[in-house]
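Single-structure report; data block below.
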Amino acid sequence: MSQHSNSDNNPKTSHFIRNIVIADIDSGKHKSIKTRFPPEPNGFLHIGHAKAICLNFGLAAEFSGLTNLRFDDTNPCKEEEVYARAIEKDVRWLGFDWAELCHASDYFSDFYNFAVELIEAGKAYVEELSADEMREYRGTLTTAGRPSPWRERPLEESLDLFKRMRTGEFEDGRFVLRAKIDMASPNIKMRDPTIYRIRNITHQRTGDEWHIYPMYDFAHCISDALEGITHSLCTLEFEDHRPLYDWVLDNISIQAHPQQIEFARLNLDYTVMSKRRLKMLVDEGLVDGWDDPRMPTLAAMRRRGYPAAAIRNFAEVIGVTKSESIIPLGVLENEVRNELNATAPRAMAVLDPLKVVLLNFPEGETEWFEAARHPQDESMGTRRIPITREIYIERGDFMEQPVRKYFRLKPGGEVRLRNAFIVKFVDLIKDDNGEVIEVHCELDPQTRSGMPESSRRVKGTIHWVSAVHGVPTEVRLYDRLFNVENPLADKDRDFREFINPDCLSKVTAMVEPSFIEAGGFCQFERVGYFCHDAQDSTKEKPVLNRTVSLRDSWAKRGNK
RNA sequence: UGGGACGUGGCCAAGUUGGUUAAGGCACGGGGUUUUGAUCCCCGCAUUCGCAGGUUCGAGUCCUGCCGUCCCAGCCA
């Protein structure tokens with residue numbers, strides 16, 4: 001009955017890749033499909049990768065196909081095993097399981113053999129030009145390139161050189177292996193692209209076995225073919241690479257030929273979405289690591305309390321197209337609220353405490369109330385909440401000079417204390433600065449929860465915490481990482497200049513004891529969704545993260 | 001000035017082989033329920049599909065031209 005997740009119930013709207021898959025199955029081109037998610041292990045996965053993960057794994061699952069997780073580890077200069085482990089964890093957390101865990105490095109000998117094939121067929125040659133010279137020979141966007149003087153090198157010579165490159169005879173950069181395609185092609189990617197380079201460096205998995213490493217365009221298509229991938233999904237910037245993807249597979253002795261299909265990558269406003277830039281934030285200490293809850297990484301979102309189901313739903317709701325767009329962060333937050341509203345048990349906490357004394361409540365006594373954990377889901381049960389003569393309410397829930405339509409506590413007014421009873425304002429105490437430091441109220445005993453008068457209508461209901469039972473707790477409040485929609489829009493300014501100085505603030509909140517004991521996550525009623533910080537929270541010193549605030553149509557009206 | 005793509009309401013985005021009343025979500029506005037100003041529930045929200053022509057009984061869907069945006073000159077992926 002209590003399905004604590006509306007996850008993945010969303011009707012799937014069609015998109016062009018799904019349509020291609022359907023057509024391929026209908027036509028008999030494929031009886032089943034196979035996709036792959038191919039990250040380079042050089043950083044943490046972010047929400048943009050989540051779109052690709054959900055697409056690849058989701059689509060395959062939808063058609064009873066398979067998906068491989070493949071580490072694209074062809075550049076040992078940038079890659080590390082710690083990233084690979086983090087990536088595996090993130091994919092699993094998102095709720096997906098791969099058919100095989102692969103590495104491009106598993107295919108190093110295959111790549112090598114196919115490269116030899118190309119050389120023997122006169123379709124690849126060892127280049128001796130320097131990188132600068134190659135650039136010069138390549139031509140420009142509008143002018144054709146010129147053939148390298150080494151382009152017609154006898155193939156025996158290329159073969160010999162290539163073999164010696166492999167064994168480490170030459171220093172980095174001395175030679176490179178190039179595919180012989182068309183130096184005049186209007187597509188620059190086809191102007192004899194480099195397919196192998198020398199790297200005398202230890203590879204994280206193959207050690208010192210190799211001194212040459214294949215380039216993406218050579219390795220990726222072959223990896224796909226070797227694994228029997230049917231649909232190779234990638235982002236738009238690879239559209240120009242597709243002819244090369246197809247060229248390689250057409251010119252080596254391999255039968256399989258996966259179809260590369262490109263879609264638009266995800267962009268979110270008020271953040272950056274490139275591993276390179278996120279790594280800068282981490283390396284420069286601008287955030288506290290890849291899993292800092294302000295980051296758009298999956299590790300950060302997990303830590304912050306975003307449910308995986310919310311991210312999956314988000315990926316579904318934004319669609320898959322070829323048009324580039326920027327999705328408002330609010331769309332993601334909406335999915336998070338959606339999920340959490342259904343799954344989060346309720347509790348109370350006061351983030352900015354103001355003391356209230358209940359004058360007619362006996363001193364030194366504690367009264368306990370039974371409260372539902374979820375207003376719409378009785379199966380979540382109840383909890384016990386203590387109240388005492390002194391309690392805390394939110395400073396914002398009292399106004400000495402209330403604005404129009406202010407339903408909360410005010411002089412002469414009445415308000416309901418959620419799950420308890422109705423109280424009436426009596427008077428207040430100010431400090432020397434005129435700041436209200438204490439409010440005195442009188443409770444109406446007939447309005448206790450469960451009593452006949454309890455359903456008496458009052459305009460406002462506010463949350464509260466017993467001053468003696470409340471647990472002082474560090475709560476971390478997060479705001480958008482950048483204070484401009486697109487931190488990269490201004491070409492003259494560095495994106496780090498736009499970091500929001502208020503993206504993190506810490507307060508000491510008074511928290512209902514039952515939640516501190518329970519751990520996990522919850523909704524603090526009228527405030528937002530919170531979770532214990534997996535990194536820093538301890539029994540002795542709990543630390544909470546605000547996952548996302550509740551919608552607040554009152555604040556939005558600007559009345560406060 | 002080369003090549004590759006994209007352009008449907010404020011933001012995403014569906015739109016079968018051209019037939020029409022232009023899905024849905026988010027946002028927004030209005031109303032109802034409510035011991036969370038939350039949730040939930042109604043209702044409203046493009047005579048129009050970047051622009052201009054053309055073909056057609058009929059075009060967002062076909063043709064032509066134009067405009068705008070993005071990507072490509074790593075021995076990165």
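Each chain gets a letter, A, B and so on, in the order its sequence line appears, and its residues count up from 1. Excluded from the calculations below are hydrogen atoms, water molecules and symmetry mates; all remaining heavy atoms, backbone and side chain alike, are included.
Residues A:Leu417 and A:Ile422 have side chains not in contact (no heavy-atom distance under 4.5 Å, counting atoms from C-beta outward).
For the pair A:Arg191 CZ and B:G2 P, the computed distance is 13 Å after rounding to whole Å. Spacing between atom CG of A:Asn75 and atom C1' of B:C76 amounts to 6 Å, rounded to whole angstrom units. Separating the CG atom of A:Asp240 from the C1' atom of B:G4 is a distance of 5 Å, rounded to the nearest angstrom. Between the NE2 atom of A:His203 and the P atom of B:C76 there is a distance of 14 Å, given to the nearest Å. For A:Asp397 and B:U36, the CG to P distance is 13 Å, given to the nearest whole Å.
Aromatic ring orientation, A:Tyr107 versus A:Phe111: perpendicular (interplanar angle above 60°, classes split at 30° and 60°).
Contact of A:Glu324 with B:U69 (side chain to base): no donor-acceptor pair of N or O atoms is detected under 3.5 Å. Donor-acceptor pairing under 3.5 Å, judged by distance alone, is absent between the side chain of A:Arg337 and the base of B:U39. A donor and an acceptor atom never sit less than 3.5 Å apart when one is taken from the side chain of A:Asp552 and the other from the base of B:G37. Judged by atom type and distance alone, A:Ser449 reaches the base of B:U35 through a side-chain donor-acceptor pair under 3.5 Å.
Phosphate proximity of B:G24 to A:Thr13: absent, as no side-chain N or O sits under 4.0 Å from OP1 or OP2. Under 4.0 angstrom from either OP1 or OP2 of B:G74 there lies at least one side-chain N or O belonging to A:Arg138. For B:G74, one of the phosphate oxygens OP1 or OP2 lies less than 4.0 angstrom from a side-chain nitrogen or oxygen of A:Arg135. Dashed line: the shortest gap from a side-chain N or O of A:Lys322 to OP1 or OP2 of B:G4 is not under 4.0 Å. Contact annotation: A:Arg457 does not reach the phosphate of B:U33 (side-chain N/O to OP1 or OP2, under 4.0 Å). Of the side-chain N and O atoms in A:Asn338, none sit less than 4.0 angstrom from OP1 or OP2 of B:C26. Between A:Arg526 and the phosphate of B:G37, there is a side-chain N or O to OP1/OP2 separation shorter than 4.0 Å. Dashed line: the shortest gap from a side-chain N or O of A:Thr74 to OP1 or OP2 of B:A77 is under 4.0 Å. A:Thr142 has no side-chain polar atom (N or O) that falls below the 4.0 Å cut-off from OP1 or OP2 of B:G3. In this model, the phosphate group of B:U35 is not approached by any side-chain N or O of A:Thr447 to a distance below 4.0 Å at OP1 or OP2. Side-chain nitrogen and oxygen atoms of A:Arg197 include at least one within less than 4.0 Å of the OP1 or OP2 phosphate oxygen of B:A77.
Using a 5.5 Å limit on the distance between ring centres and a 30° limit on the angle between planes, the aromatic ring of A:Trp554 counts as stacked on the six-membered base ring of B:G37.
Ion pairing of A:Arg526 with A:Asp397 is present here, as a side-chain N (NZ or NE/NH1/NH2) and a carboxylate O approach within less than 4.0 Å. Salt-bridge formation is detected for the pair A:Glu512/A:Arg383: a Lys NZ or Arg NE/NH1/NH2 atom is positioned less than 4.0 Å from an Asp or Glu carboxylate oxygen. Salt-bridge annotation for A:Arg265 and A:Glu237: present, with a side-chain N of the basic residue lying under 4.0 Å from a carboxylate O of the acidic one. Note on A:Asp106 versus A:Arg205: salt bridge recorded, some NZ/NE/NH1/NH2 to OD/OE distance being below 4.0 Å.
Heavy-atom nearest nucleotides on RNA chain B were determined for A:Gly319 and for A:Phe407, and the one closer to the 5' end corresponds to A:Gly319. Each of A:Lys459 and A:Phe16 lies near RNA chain B, and the nucleotide nearest A:Phe16 is the one positioned closer to the 5' end.
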Whenever both distances are under 3.5 Å in a Watson-Crick or G-U wobble pair, mark it; put RNA chain B into dot-bracket that way, with [ ] for crossing pairs and | when the partner is on another strand. .((((((..(((......[....))).(((((.......))))).....(((((..]....))))))))))).....
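Close placement of the A:His203 and A:Phe108 rings is indicated, their centers lying within 6.0 Å of each other. A:Phe175 has its ring centre less than 6.0 Å from the ring centre of A:Phe170. Under the 6.0 Å cut-off for aromatic ring centres, A:Phe218 and A:Tyr245 do not qualify, their centroids lying 6.0 Å or more apart. Here A:Tyr196 and A:Tyr213 keep their ring centres 6.0 angstrom or further from each other. A centroid separation of less than 6.0 Å is found between the aromatic rings of A:Phe524 and A:Phe515.
Residue-level contact check: A:His220 touches neither bases nor backbone, having no heavy atom under 4.0 Å from any strand.
The side-chain tip of A:Arg153 does not point at the ring of A:Tyr125 from less than 6.0 angstrom away and within 45° of straight on.
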Scan nucleotides 7-11 of chain B against the protein and return all N/O pairs shorter than 3.5 Å with their distances rounded to 0.1 Å.
| from | atom 1 | to | atom 2 | distance (Å) |
| --- | --- | --- | --- | --- |
| B:C11 | O2' | A:Ile326 | O | 3.4 |

Report, one pair per line, the protein and nucleotides 48-50 of chain B atoms (nitrogen or oxygen only) whose separation is under 3.5 Å.
none

